Amino acid sequence: LNRIKASGLKLRFCTNETQATREKFVKKLQGLGFDISVAEVTAPAPAACRILKERSLRPHLLVHNDLVPEFAEIDKTNPNCVVIGDAAENFTYANLNEAFRVLIGMEKPVLLSLGSGRYYKETDGLKLDVGAYMKALEYACDVQAEVVGKPSKMFFESALAEMGVPAQQAIMIGDDIVSDVGGAQRCGMRALQVRTGKYRPCDENHPHVKPDAYVNNLAEAVDIILQQL
């Protein structure tokens, strides 16, 4: 990443991280040696807050406890929508049922989802992601969720706008064939798939999404990009 910055290229970290505030997320990456600031991170929670304010929506939150501070300035009394994120241990039957009741009680239910991933990878293996629970609420309430994080076009477009770069001049590097690669390509960006993280060999036979290139790791992706300059 230091090589990218030294080359003068603009850089943005697009994350669907919804188990922590951006500040916590950035501290974690800084602890791993990454040169990164909160201003360089595009994340679903702040994007959702913009939508909530614009549309005068008051959310019932089904999110991770550590993410709640991102919604500090949002009115949450008498909810008229549900916001769902990667709530991890908060995905209990009781909590899902409470969100279901809020939605089913509305004439026109509004469900905002901070991503639609099926699973993600942690050190102890793969874990169910927010998309699985989003689908449960969609099915139970006959509602279509509005996805705020990747692979939403609006999410990538806001990252491009923050950098001041047209889609044709941007490259996404990611490990998720659908959310990272597919989402970016639908925006007109090119996308590289890294064979690390949650990548699985079967991703290379995906019926709809074909990355512009495969790379074995992030360093190789940086090599390819810098060779093009």
Side-chain angles (χ1 to χ4, degrees), residues 1 5 10-77 79 81-92 95-96 98-99 102 110-124 127-134 137 145-152 154-163 172-176 179-180 183 197-198:
L1 298 180
K5 288 185 178 182
K10 292 180 180 177
L11 180 64
R12 203 86 194 156
F13 298 88
C14 292
T15 177
N16 267 7
E17 172 63 63
T18 60
Q19 282 196 16
T21 59
R22 280 166 300 164
E23 283 75 11
K24 249 190 170 168
F25 172 70
V26 163
K27 275 205 175 80
K28 182 179 172 183
L29 286 178
Q30 286 171 343
L32 294 170
F34 288 96
D35 174 20
I36 174 176
S37 68
V38 171
E40 294 173 304
V41 176
T42 303
C49 287
R50 280 200 297 273
I51 292 168
L52 293 167
K53 283 176 179 166
E54 280 165 16
R55 287 162 55 181
S56 302
L57 291 169
R58 300 178 306 277
H60 169 83
L61 298 177
L62 178 50
V63 299
H64 198 282
N65 293 347
D66 291 345
L67 192 72
V68 173
E70 291 272 23
F71 296 90
E73 291 171 26
I74 301 290
D75 181 8
K76 296 178 274 293
T77 56
C81 75
V82 167
V83 172
I84 184 174
D86 180 16
E89 272 69 32
N90 278 355
F91 279 136
T92 61
N95 287 347
L96 272 166
E98 198 181 346
V102 171
V110 176
L111 174 60
L112 297 181
S113 186
L114 306 179
S116 61
R118 294 175 298 161
Y119 55 85
Y120 57 93
K121 188 174 186 179
E122 284 196 346
T123 45
D124 58 347
K127 306 221 165 160
L128 272 177
D129 202 354
V130 60
Y133 300 95
M134 175 195 89
L137 289 175
E146 298 174 51
V147 178
V148 180
K150 300 180 289 187
S152 143
M154 179 189 74
F155 189 72
F156 285 107
E157 283 169 352
S158 66
L160 290 167
E162 286 159 6
M163 289 193 294
M172 175 74 191
I173 306 167
D175 66 348
D176 188 310
S179 290
D180 295 333
K198 70 192 287 187

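Values in this document were obtained by computation on a predicted structure and should not be read as measured data.
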Donor-acceptor pair, side chain of Asn16 and main chain of Gly149, under 3.5 angstrom = no

Non-neighbouring partners of Arg55 that pass salt bridge (Lys or Arg N to Asp or Glu O under 4.0 Å), sequence neighbours left out = Glu146

note = Met163 meets the side chain to side chain contact (heavy atoms under 4.5 Å, CB included) criterion, sequence neighbours left out, with Lys10, Arg12, Leu160, Val165

ask   = Among all residues two or more places apart in sequence or in another chain, which pass the side chain to side chain donor-acceptor pair (under 3.5 Å) test with Asp129?
value = none

task = Kindly indicate whether the side chain of Ile51, heavy atoms from C-beta on, has any atom under 4.5 Å from the side chain of Val148.
result = yes

message = Run the salt bridge (Lys or Arg N to Asp or Glu O under 4.0 Å) test against Asp35 and tell me which residues pass, sequence neighbours left out.
response = Lys5

message = Before you tell me yes or no, could you show the steps for Val110 and Leu57 under side-chain contact (heavy atoms from CB on, under 4.5 Å), namely the whole-Å CA-CA distance, both residues' side-chain angles and the distance that decides it to 0.1 Å?
response = CA-CA 9 Å; Val110 176; Leu57 291 169; 4.2 Å; yes

key: Interatomic distance, Leu137 atom CG to Ile84 atom CD1 [nearest 0.5 angstrom]   = 5.0 Å

ask   = Say you draw a straight line from CG of Leu114 to CG of Leu62; how long is it, rounded to the nearest 0.5 Å?
value = 10.0 Å

Considering all heavy atoms, the nearest Val63-Gly85 contact = CG1-N, 3.8 Å

Show every donor-acceptor pair shorter than 3.5 Å between a side-chain atom in residues 66-74 and any protein atom, with sequence neighbours excluded, or say none if there are none.
{"residue": "Glu70", "atom": "OE1", "partner": "Arg22", "partner atom": "NH2", "Å": "3.4"}
{"residue": "Glu70", "atom": "OE2", "partner": "Arg22", "partner atom": "N", "Å": "3.0"}
{"residue": "Glu70", "atom": "OE2", "partner": "Arg22", "partner atom": "NE", "Å": "3.3"}

ask   = Under the ring pair (Phe, Tyr, Trp, His ring centres under 6.0 Å) test, which residues partner Phe25, sequence neighbours left out?
value = none

key: All side chain to side chain contact (heavy atoms under 4.5 Å, CB included) counterparts of Asp176, not counting sequence neighbours   = Val178, Ser179, Asp180, Lys198

request  = To the nearest 0.5 Å, tell me how far Glu40 CD sits from Glu162 CD.
outcome  = 11.0 Å

query = Who are the side chain to side chain contact (heavy atoms under 4.5 Å, CB included) partners of Ser56, not counting sequence neighbours?
reply = none

ask   = With Tyr120, which residues qualify under side chain to side chain donor-acceptor pair (under 3.5 Å), at least two apart?
value = Gln19, Asp86

task = May I ask you to decide if Asp75's main-chain N or O and Arg58's side chain share a donor-acceptor pair within less than 3.5 Å?
result = no

request  = If a pair satisfies salt bridge (Lys or Arg N to Asp or Glu O under 4.0 Å) and one of its residues is in residues 110-120, list it, with sequence neighbours excluded.
outcome  = none

key: Residue pair Val83 / Pro59: nearest heavy atoms and the distance that separates them   = CG2-CB, 3.7 Å

message = Please enumerate all residues that pass salt bridge (Lys or Arg N to Asp or Glu O under 4.0 Å) together with Glu122, with sequence neighbours excluded.
response = Lys127

request  = Under the side chain to side chain contact (heavy atoms under 4.5 Å, CB included) rule, collect the residues that match up with Ser116, sequence neighbours excluded.
outcome  = Met134, Val147, Pro151

query = More than 12 heavy atoms of other residues, nucleotides or ligands under 6.0 Å from NZ of Lys28: is that the case?
reply = no

key: Atom pair CZ/CG of Phe91 and Leu128 - distance to nearest 0.5 Å   = 9.0 Å

ask   = When rounded to the nearest 0.5 angstrom, what distance separates CD in Glu98 from CG in Leu61?
value = 11.0 Å

query = Heavy-atom distance under 4.5 Å between the side chains of Leu32 and Phe34, does that happen here?
reply = yes

task = Give, for atom NZ of Lys76 and atom SG of Cys81, the distance between the pair rounded to the nearest 0.5 Å.
result = 11.0 Å

inquiry  = Please give me the minimum heavy-atom distance between Cys14 and Phe155, naming the atom from each residue.
reply    = CB-CE2, 4.2 Å

